[in-house]
Amino acid sequence: MTTVTNLGFPRIGAKRELKHALEACWRGETSADQLQDTARDLRQRHWRLQKQAGADTVPCNDFSLYDHVLDTAFLFDAIPDRYKPLADRDPLAGYFALARGLQKDGVDLHALEMTKWFDTNYHYLVPELHRDQRFRLRGDKPVAEFLEAKAQGFNARPVLLGPVSFLLLSKTVDGSDRLALLDRLLPVYAELLGKLKDAGAEWVQIDEPCLVLDQDADDHAAYRMAYAALANVPRPKLLLATYFGALNDNLALAASLPIEGLHVDLVRGKEQLDAVLKALPKQRVLSLGLIDGRNIWRSNLNDALILAKYASGHVGADHLWLAPSCSLLHVPVDLASEKSLPGDLHSWLSFARQKIEELKTIADSLQGRPGAGLALDVARDRLESRRRSSRVHKPEVAARLAALTEASAQRGSGYQARRSLQQAALNLPAYPTTTIGSFPQTQEVREARAKNKSGTLSNADYDAFLAAETEKCVRFQEDIGIDVLVHGEFERNDMVEYFGEQLEGFAFTKLGWVQSYGSRCVKPPIIYGDVTRPQPMTVRWSQYAQSLTGKPMKGMLTGPVTVLQWSFVRDDQARSQTCRQIALALRDEVTDLEVAGIGVIQIDEPAIREGLPLRRGEWKAYLDWAVECFRITASGVADVTQIHTHMCYSEFNDIMEAVAAMDADVISIETSRSRMELLDAFVKFRYPNEIGPGVYDIHSPRVPDGQEMLDLLKKARAVLAPEQIWVNPDCGLKTRGWPETRAALTAMVAAAKEMRAG
């Protein structure tokens, strides 16, 4: 019998229950025990939901209080020495200190570096290792959660991040070889697998997502060493899970490893099925990733059924598992909660629960169960409705795209000529200070927005509230001496959602939350049709803020690639085409800001690196259209208008030529968690334009002192020309509170003034 299974499920809860529980615990309003109670309730609720939707086997240990990579590091005691006293004394406090930093009772700990999980918008904590690293089991989380599921009557499969991918996703702080630590790590994996076997686990899912990347001979040797070592220890059967792409040149390796099952992604790697079937040894379980675990569109179940039938004919129904392409971490929990979407659009969508139901339909059809044919007919009708819908296509958008020329993506003059004009117009001091855009979204701000949406606060009163908040923000920046101001973005809910709400071709959910990192959740817009901008989106509040001050006011908008990447994107045309549509809509906004008197405009593109294909051979095609889209957005203004961009949590070495090709006058980047290491890429490349290397980490509640920021600026000055350097935080301040914001920005301005003095 074909098995319906799943690789992972959203952790946060349909109503962000985990977020609220985490933040209440961090504020000291609830206890650690209450947090763990909420976590347990969510796990059990999600197991029930998956079983009810049709899953024969549910994953366990896919749940995390913050991040699964951090969980793995903590589990194997890969904890830097500076955190260990706290982790030994209070494991949960130590865990959260690794994730968020800690500044309390004389303890001052930075958070671990954070970066993107492959090409998703999920962020993971990067484990810190060193050549003398030792590993041991710290706690029993995977075993405890398996036993919890077992006690609740669920057929559960523990999920572990595999040993090779764990090391490849880590960093060594002393430049040593990560993979050289494998022989020390494997005995701890073997010990854990033995404990899971003793607990009664029949299978363990061991994720090796790095197998879809370009891997070299040393990487291949590491996989062979790892799984040979694990082959001869007491353990459950192993399902090796790969996702986010095809195995390609790593297929022979994956198929040769001594494992009992292999999961492959047939959404992003449909073309690999024949090769997988030929390479897979007999009697090995094949798990097919048939349903897209990263997007929210209903699948073509007829096509998926064809693939499943074809595979079943080769491996047999008893050795075939049906699954999503990857963990469902990247989609919302349940579409049933969405009551306000238009009926036709609602019928086109599929969230985590619905994706498991789609898999159940495929399994029922394979096995000829009653009702399966009707379910397939309904699915086919929904796809046809979407294909024919008049809400999707706009001829005027196609005409505007066809009219694009090379000149559409070119500024009037080169950077050096623009720089002279901008210096004369802005008259900024050395080491100019600014922020990345947003200021604290306090409870008062969020409540006012909610009341306005519900109709209990009139538009006029809401506008007056926003005007008052904006003026307070402007006056604060003037008072402490910021050089280029921002209006604070109090009217904005999210840096993508805010724009999507004002663009045509976008739709929005009420509870379509997904986790970005820790307790940070986003509600991605749904791009269902051609994109246009009916009217200006940001001009009003930027123009108002500029009227309050004689200092330069920076206009703020999110760039086209980031809007694309942080949305659920239509899958009926190339992503590059959708991105060009967004770029043209945003170009209109940029030129309107300039006409309104805004001389500095920031176009944020934190997702440029995130969107990079996982295989190097596909990079150029992506970067060509991504850079083109940014330039289309930015190139409608005069040379005197200064264009900024912002990027965070990117491995810039990979994309430096593309970053330079964007030709922004100023780029601000996240560098504080890496202690300016990320700046090295700009130095080696000899980046010619201006750079704002972030001098403090806004993703942590700790407040660095002025000396700490000064030291980072001196590091920057050692490798950059003084006239290149801007001074700013790592990212926007939306998630921070006003007390820490005041303290940190005041210290930042003082550090910049000290740099100017000598």
Side-chain angles (χ1 to χ4, degrees), residues 5-23 25 32-53 55 57-76 91-92 95-96 98-99 117 120 122-125 138-162 166 192 195-196 199 201 203-207 239 241 243 293 323-324 326-334 351-353 355-356 513-521:
T5 187
N6 185 22
L7 304 191
F9 202 76
R11 306 156 182 163
I12 57 174
K15 297 181 179 179
R16 297 180 293 165
E17 292 92 332
L18 180 60
K19 169 191 173 66
H20 300 312
L22 282 167
E23 293 176 356
C25 184
D33 287 345
Q34 288 172 297
L35 171 61
Q36 296 290 10
D37 288 345
T38 299
R40 182 174 57 254
D41 289 346
L42 283 171
R43 287 193 297 270
Q44 295 178 11
R45 184 192 312 169
H46 292 162
W47 290 329
R48 286 194 297 274
L49 186 152
Q50 292 172 79
K51 186 175 181 180
Q52 291 164 1
T57 304
V58 298
C60 61
N61 195 48
D62 57 325
F63 185 88
S64 174
L65 288 175
Y66 203 97
D67 164 52
H68 60 280
V69 182
L70 175 62
D71 289 355
T72 307
F74 202 87
L75 176 68
F76 295 134
L92 189 62
Y95 174 86
F96 286 136
L98 286 157
W117 177 248
T120 74
Y122 177 78
H123 303 64
Y124 76 93
L125 277 301
R138 180 185 278 268
D140 64 349
K141 179 180 182 294
V143 178
E145 292 188 14
F146 171 74
L147 290 173
E148 180 186 329
K150 185 178 177 182
Q152 294 290 315
F154 296 103
N155 181 19
R157 183 180 66 240
V159 179
L160 302 176
L161 179 59
F166 171 70
L192 176 59
K195 289 178 180 294
L196 287 167
W203 284 88
V204 166
Q205 174 184 319
I206 194 156
D207 288 0
L239 174 73
Y243 39 83
C326 61
S327 169
L328 299 177
L329 171 68
H330 310 287
V331 297
V333 173
D334 192 353
F351 291 178
R353 176 176 186 143
K355 289 180 183 297
I356 297 172
W513 297 102
V514 294
Q515 185 182 23
S516 179
Y517 64 88
S519 69
R520 172 69 170 151
C521 304

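Here the structure is a predicted model, which means the values were calculated and not measured.
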Neighbour count >12 (heavy atoms, 6.0 Å) for atom NZ, Lys195: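 Incorrect, the count does not exceed 12.
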Sequence-distant partners of Arg138, salt bridge (Lys or Arg N to Asp or Glu O under 4.0 Å), two or more places apart: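 Listed in chain order: Asp77, Asp88.
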Residues that Asp140 engages under salt bridge (Lys or Arg N to Asp or Glu O under 4.0 Å), provided they are two or more places apart: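 Testing Asp140 for salt bridge (Lys or Arg N to Asp or Glu O under 4.0 Å), a comparison that skips the adjacent residues, returns none.
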Inter-residue atom distance Ile12.CD1 - Leu329.CG, 0.5 Å rounding: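 The CD1 atom of Ile12 sits 8.5 Å away from the CG atom of Leu329.
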With sequence neighbours excluded, residues passing side chain to side chain contact (heavy atoms under 4.5 Å, CB included) with Pro10: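 With neighbours one apart ignored, the set is Leu328, Val333, Ala352.
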For Cys25, all residues meeting side chain to side chain contact (heavy atoms under 4.5 Å, CB included), sequence neighbours excluded: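 Applying side chain to side chain contact (heavy atoms under 4.5 Å, CB included) to Cys25 gives Thr30, Leu35.
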Closest approach of Leu92 to Ala32 (non-hydrogen atoms, all atoms of both residues):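 That closest heavy-atom pairing would be CD2-CB, 3.6 Å.
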Nearest heavy-atom neighbours spanning Gln50 and Pro59: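 Heavy-atom minimum between the residues: OE1-CD, 3.2 Å.
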pair [X]-[Y]: side-chain heavy atoms closer than 4.5 Å:
X	Y	result
His20	Lys15	no
Gln205	Val159	yes
Leu70	Tyr95	yes
Val69	Trp117	yes
Lys355	Pro324	no
Lys150	Cys60	no

Output all residues satisfying ring pair (Phe, Tyr, Trp, His ring centres under 6.0 Å) with [X], sequence neighbours left out; order by chain, then residue number.
X	answer
Trp513	none
Phe166	none
Tyr243	none
Phe76	Tyr189

Listed partners of [X] passing side chain to side chain donor-acceptor pair (under 3.5 Å), at least two apart:
X	answer
Arg45	Glu17
Arg11	His68, Tyr122, Gln515
Gln152	none
Lys141	Asn61, Glu145

Positive for side-chain contact (heavy atoms from CB on, under 4.5 Å) with Thr5, one of Leu239, Thr57, Val58: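 Testing Thr5 for a side-chain contact (heavy atoms from CB on, under 4.5 Å) against Leu239, Thr57, Val58 leaves exactly one candidate, Thr57.
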Is a donor on one side and an acceptor on the other found under 3.5 Å between the side chain of [X] and the backbone of [Y]?
X	Y	answer
Arg157	Asn6	yes
Asp62	Phe9	yes
Trp203	Ala156	no

Pair Glu148 + Arg40, salt bridge at N-O below 4.0 Å: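 So Glu148 does not pair with Arg40 through a salt bridge.
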